[in-house]
Amino acid sequence: MVVAHLGQSLDGRIATLSGASRWVTGDADIAHNHRMRALADAVVIGSATLRSDDPQLTVRSCAGRNPVRVILDTNRVLDDAYRVFRDEAAATLLVCAADRTVPGERLGAAEIVGLPRDGAALAPAAIVAELTRRGLRRIFVEGGGVTVSRFLAAGCLDRLQITISPLIIGSGRPSITLPAIDDLRQGIRPLVRRFDLGADVMFECILRE
Ligand SMILES: NC(=O)c1ccc[n+]([C@@H]2O[C@H](COP(=O)([O-])OP(=O)(O)OC[C@H]3O[C@@H](n4cnc5c(N)ncnc54)[C@H](OP(=O)(O)O)[C@@H]3O)[C@@H](O)[C@H]2O)c1
């Protein structure tokens, strides 16, 4: 089960251009995010989110155990300065291209996992397969927009949760970005469930049963 979540503004931004995203959505969505972590075996983020936010990716707003933290960094450009590589609060995997890894190598406390390249990145299906092989079957993709969009484009999401905040940023990092279409009939029109989260509204898109 792979579930992604993004919190976005009315105009479809998840952060400012400089990367500030605390906080686009309100307390109820942040609490929801922690509950999703608590339900997950693994939480996945892209390298840009690590660089901007230096998140801990732990469960703090509710009861529950911390998921395994998974950071995607194709070309292994991250250093060990970030909290997930140092705090030992949960097991951490740095996933990168196999040609950038040496067997047994670690970055701080994190295990480095090499996967075959798929063009400029790593195939989301290969990431899911590797996590599943490790017994991590409930996967929460927490952002950012590039990472979630790649999982969506690859058909690797069961659910996509988008929480919309009544905020207009006017510029900034985009939420979902997919290859251009010419006809609205080519857009994805999933079954949705809708939830009020304080002043925000969350749409949960059911992409696979
Ligand atoms: N509002 C929210 O819900 C929310 C949530 C999370 C983050 N954010 C904000 O979003 C911003 C970052 O989002 P973003 O969209 O710019 O970037 P991002 O998704 O955090 O990171 C993108 C990078 O992650 C790596 N990556 C992603 N998918 C990969 C794949 N399949 N294979 C290999 N590498 C992969 C790539 O690194 P390489 O280029 O090195 O290959 C890619 O450039 C930050 O400002 C953060 O604060 C907001």
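Computation of the quantities below employed the complete heavy-atom set of this structure, encompassing side-chain atoms and omitting hydrogens, waters and symmetry-equivalent molecules.
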Report yes if the side chains of [X] and [Y] come closer than 4.5 Å at any heavy-atom pair, otherwise no.
| X | Y | result |
| --- | --- | --- |
| Leu167 | Val24 | yes |
| Pro174 | Thr177 | yes |
| Ile127 | Phe151 | yes |
| Val70 | Val43 | no |
| Ile139 | Asp41 | no |
| Thr16 | Arg173 | no |
| Gln8 | Ile169 | no |
| Ile71 | Val95 | no |

| task | Check the pair Ile112 / Arg76 against side chain to side chain contact (heavy atoms under 4.5 Å, CB included), numbers first and verdict last. | result | CA-CA 9 Å; Ile112 301 181; Arg76 258 214 71 187; 3.6 Å; yes

[X], [Y]: one ILVMFWY side-chain cluster at the under-4.5 Å cut-off?
| X | Y | result |
| --- | --- | --- |
| Ile14 | Trp23 | no |
| Ile206 | Leu152 | no |
| Phe85 | Val113 | no |
| Val2 | Ile188 | yes |
| Ile164 | Val148 | yes |

Donor-acceptor check, side chain of [X] to backbone of [Y], threshold 3.5 angstrom: yes or no?
| X | Y | value |
| --- | --- | --- |
| Asp79 | Ala81 | yes |
| Asp200 | Gly26 | yes |
| Arg69 | Ala42 | no |
| Thr25 | Ser165 | no |
| His34 | Cys62 | no |
| Arg37 | Thr58 | yes |
| Thr101 | Ala98 | yes |
| Thr49 | Ile45 | no |
| Ser9 | Ile168 | no |
| Arg150 | Pro124 | no |

| Taking it one step at a time, do Arg117 and Asn75 satisfy side-chain hydrogen bond (donor to acceptor under 3.5 Å, both in side chains)? | CA-CA 10 Å; Arg117 283 181 189 271; Asn75 294 307; 2.9 Å; yes

| said: Show, in sequence, the C-alpha distance, side-chain angles and deciding distance for Arg159 and Leu207, and conclude whether the side chain to side chain contact (heavy atoms under 4.5 Å, CB included) test is met. | reply: CA-CA 6 Å; Arg159 300 279 190 278; Leu207 302 169; over 6 Å; no

| note | The remaining residues in the hydrophobic cluster of Leu197, counting side-chain heavy-atom contacts under 4.5 Å among Ile, Leu, Val, Met, Phe, Trp and Tyr, are Phe195, Met202

Below 4.0 angstrom, N of the basic side chain to O of the carboxylate: do [X] and [Y] qualify?
| X | Y | value |
| --- | --- | --- |
| Glu105 | Arg100 | no |
| Arg83 | Asp53 | no |
| Arg86 | Asp54 | no |
| Glu204 | Arg194 | no |
| Arg208 | Asp158 | yes |

| query | Is there a side chain to side chain contact (heavy atoms under 4.5 Å, CB included) between Leu6 and Ile176 once you walk through the steps? | reply | CA-CA 9 Å; Leu6 288 171; Ile176 298 296; 3.9 Å; yes

Work out which heavy atom in [X] is nearest to a heavy atom in [Y]; give both atom names and the distance.
| X | Y | answer |
| --- | --- | --- |
| Phe140 | Ala4 | CE1-C, 4.4 Å |
| Ser61 | Ala31 | CB-CA, 4.4 Å |
| Arg35 | Ala28 | NH2-O, 4.4 Å |
| Ala90 | Pro67 | CB-O, 3.5 Å |

[atom1] ([X]) with more than 12 external heavy atoms under 6.0 Å:
| X | atom1 | value |
| --- | --- | --- |
| Ile181 | CD1 | yes |
| Asp27 | CG | no |
| Arg185 | CZ | no |

As an exercise, state the distance from [atom1] of [X] to [atom2] of [Y], rounded to the nearest 0.5 Å.
| X | Y | atom1 | atom2 | answer |
| --- | --- | --- | --- | --- |
| Tyr82 | Leu107 | OH | CG | 10.5 Å |
| His5 | Leu157 | NE2 | CG | 13.0 Å |
| Leu191 | Cys205 | CG | SG | 9.5 Å |
| Arg60 | Asn33 | CZ | CG | 10.0 Å |

| request: Apply side-chain hydrogen bond (donor to acceptor under 3.5 Å, both in side chains) to Asp87 and Gln56, showing your working. | output: CA-CA 8 Å; Asp87 64 9; Gln56 298 172 78; over 6 Å; no

| message | Determine whether Asp29 and Thr163 satisfy the following criterion, side-chain hydrogen bond (donor to acceptor under 3.5 Å, both in side chains), listing intermediate values before the conclusion. | response | CA-CA 7 Å; Asp29 188 52; Thr163 301; 2.7 Å; yes

| task | Could you point out which residue of Leu94, Asp73, Val84, Leu57 forms a side chain to side chain contact (heavy atoms under 4.5 Å, CB included) with Leu50? | result | Val84

| request: Test side chain to side chain contact (heavy atoms under 4.5 Å, CB included) on Leu93 and Leu131 and set out the steps. | output: CA-CA 10 Å; Leu93 305 177; Leu131 297 181; 3.9 Å; yes

